[in-house]
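Here the structure comes first, spelled out in structure tokens, and everything after it is commentary.
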Amino acid sequence: MEQDIVSLKEQLLVKENEIGILKDKLERLLKDSQCSTEAIDVQETVTQLTPLQEKPFLSNEEIMRYSRQLLVPQFGVKGQQQLCRTSVLVVGCGGLGCPLAQYLAAAGVGRLGLLDYDEVELGNLHRQVLHGEDRKGMPKALSAAASLKRLNSAVDYVPYHMQLTPENALQLVQQYDIIADCSDNVPTRYLVNDACVLAGKPLVSASALRMEGQLTVYNYCGGPCYRCLYPVPPPPETVTNCSDGGVLGVVPGIMGCFQALEILKIASGQEPGYRQQLLMFDAQEARFRTIKLRPRQAGCSVCGENPSVRALQDYEKFCGSAATDKCRRLCLLDQEQRISVQEYKEILEEHVPHLLLDVRPPVEVDICHLPVSINIPLASLEDKKAPHLQLLKEKIEESRQKTDRKSDFPVYVICKLGNDSQKAVQILQEMSGVELEHIAVKDIRGGLMAWAQKIDLSFPQY
């Protein structure tokens, strides 16, 4: 017995020493993180920047640092000198902006403006490689600048912790030589494009979603602008971003590297590869293909011969959606057609007979779901596929038999955020009394993420 006590005390001492070592390591990490950011001035308004100075010659340290790219015939010393006096504004320090900024900083660009209104979250880290676990809650622009400064302290970093708006975009864009659009929403794409056209700046734009990526160069050497190709924004309910549709982290990494490549070519005086072409990347098949784009349009509303857009406008109103890469919120139903998660909890607690229909894709149902729900994806309802429709009929009838109510049978629809569920309610209402027996359909506002935040804190969020 005494030997056991002595042994346990020895084990406890070892564990206490290990905890002490871990605490010291954590304190050092936090101190390093603070030191790496305290010297960086975060901009929350647009201030006038001093012009970059020309570099008549490279120092011995610069020659050593950039020696491998100096040896490239298409780049050389002249290309490096041009790059050192080039400024680039990166709009969005996320999955595209992180690898883009990393390679531009490593290559020795003169100045990097890093704009992002958001803060680092755990869900960013699988693709936004400039941030880390210790940076959660930190402004992304500041986090990116701190990481890049450790990579190459000779570059001038200007982090902007603010949202790009029609009031500040033109003043900001005018101060940089090349603009990189790394945003993930339609209003910002139109805003950045129009600002670049009005300021006469080249725009290198990329996007990534799921297993696909795209890239092109707008408004450069007579090439088209974004509006030449997309004069009218798509309906907001048809647009999917990474928050809604997901993305494999390496895909924006690849597209961000292509953006960096195009910027390096423009900065060093070379012809970019995608001035009037669209690069399309299929990660599933690991294939690239290029589509030739139509030239600049004489009738374009911003870069055409008689432009109607001569100043920046309200792009959220123009696009009918918010300028954010967060999950969108649709309002397709009246309030009486919706219930809150708290109201649905009461229905469960009172054992009111009903059917809960989860309309998310199976891949999301695999992540998490409510046990009482049945899954029929929205796409199946939209296509009115017979097997799923028959399953829905059977489940409704099975649930209906548990009650003697004569009125329409209640069906509640849920999804991740309450967007697809509203679309499903509209479809089911059309079916009621036709393909389906009479039902009373409502959606659950906020979906499963509202359930996780307000009802069951242990429920997974994604």
Side-chain angles (χ1 to χ4, degrees), residues 42-47 49 86-105 109 111-120 124 127-128 130-131 139-145 148 157-208 213-220 225-227 230 241-243 252 255-260 262-263 266-267 302 312 315-316 319 321-326:
V42 184
Q43 305 290 317
E44 295 187 347
T45 58
V46 179
T47 57
L49 302 174
T86 298
S87 59
V88 179
L89 175 64
V90 180
V91 180
C93 299
L96 293 164
C98 283
L100 161 65
Q102 193 166 20
Y103 273 99
L104 291 182
V109 69
R111 175 177 291 149
L112 265 179
L114 303 161
L115 185 142
D116 202 303
Y117 69 92
D118 207 357
E119 297 176 344
V120 178
N124 302 144
R127 67 194 184 282
Q128 300 180 15
L130 287 178
H131 314 305
K140 286 184 182 178
L142 177 59
S143 173
L148 296 170
Y157 302 105
V158 188
Y160 299 94
H161 181 49
M162 59 179 161
Q163 188 150 6
L164 197 68
T165 67
E167 290 72 35
N168 63 28
L170 190 57
Q171 182 186 358
L172 187 59
V173 165
Q174 287 172 335
Q175 299 190 62
Y176 289 86
D177 300 313
I178 305 170
I179 313 302
D181 184 2
C182 303
S183 63
D184 191 23
N185 67 84
V186 177
T188 300
R189 291 192 182 279
Y190 278 99
L191 170 59
V192 174
N193 173 80
D194 291 2
C196 285
V197 173
L198 295 175
K201 305 292 183 179
L203 172 61
V204 181
S205 178
S207 63
Q214 296 184 0
L215 174 139
T216 193
V217 177
Y218 293 115
N219 196 47
Y220 185 69
C225 77
Y226 184 71
R227 278 190 191 252
Y230 309 102
N241 60 22
C242 292
S243 296
M255 303 315 298
C257 287
F258 268 98
Q259 278 184 285
E262 292 296 274
I263 290 172
I266 294 172
V302 66
L312 301 181
Y315 293 89
E316 292 189 341
C319 298
S321 60
T324 175
D325 59 358
K326 302 296 185 183

Minimum heavy-atom distance Asn193-Leu203, with the two atoms named: CA-CD2, 3.8 Å
Shortest non-hydrogen contact between Tyr160 and Leu89, atoms and distance: CE1-CD1, 4.2 Å
Heavy-atom closest pair, residues Val302 and Arg227: CG1-CD, 3.6 Å
Minimum side-chain heavy-atom gap Pro202-Asn219 below 4.5 Å: no
Tyr226 vs Asp194, side chain to side chain donor-acceptor pair (under 3.5 Å): CA-CA, chis, key distance, verdict: CA-CA 8 Å; Tyr226 184 71; Asp194 291 2; over 6 Å; no
Cys196 vs Tyr218 side-chain heavy atoms within contact, under 4.5 Å: no
Under 3.5 Å: donor-acceptor pair, side chain of Gln175, backbone of Leu49: yes
Under 3.5 Å donor-acceptor, Asp177 side chain and Ser87 backbone: yes
Side-chain touch Leu148/Leu130, heavy atoms, less than 4.5 angstrom: yes
Side-chain donor-acceptor contact under 3.5 Å, Asp181 with Ser183: yes
Steps toward side-chain contact (heavy atoms from CB on, under 4.5 Å) verdict (His161, Glu119): CA-CA 9 Å; His161 181 49; Glu119 297 176 344; 4.3 Å; yes
Considering all heavy atoms, the nearest Val186-Cys319 contact: CG1-SG, 3.8 Å
Which atom of Gln259 lies closest to which atom of Val204, heavy atoms considered: NE2-O, 3.1 Å
Leu191 vs Leu312 side-chain heavy atoms within contact, under 4.5 Å: yes
Within-4.5 Å side-chain heavy-atom neighbours: Gln163 and Thr188: no
Closest approach of Cys182 to Leu100 (non-hydrogen atoms, all atoms of both residues): SG-CD2, 3.4 Å
Heavy-atom donor-acceptor pair, Glu316 side chain to Ala323 backbone, under 3.5 Å: yes
Chi angles and distances behind the side-chain contact (heavy atoms from CB on, under 4.5 Å) call for Arg111, Val88: CA-CA 6 Å; Arg111 175 177 291 149; Val88 179; over 6 Å; no
Side-chain heavy atoms of Thr324 within contact of Tyr117, under 4.5 Å: yes
Flag, side chain of Lys201 to backbone of Val173, donor-acceptor distance under 3.5 Å: no
Any Leu115 side-chain heavy atom under 4.5 Å of Leu172 side chain: yes
Validation row: Cys93, Gln128 side chains within 4.5 angstrom (heavy atoms): no
Candidate pair Ile179 and Val91, rule side-chain contact (heavy atoms from CB on, under 4.5 Å), full reasoning: CA-CA 8 Å; Ile179 313 302; Val91 180; 4.2 Å; yes
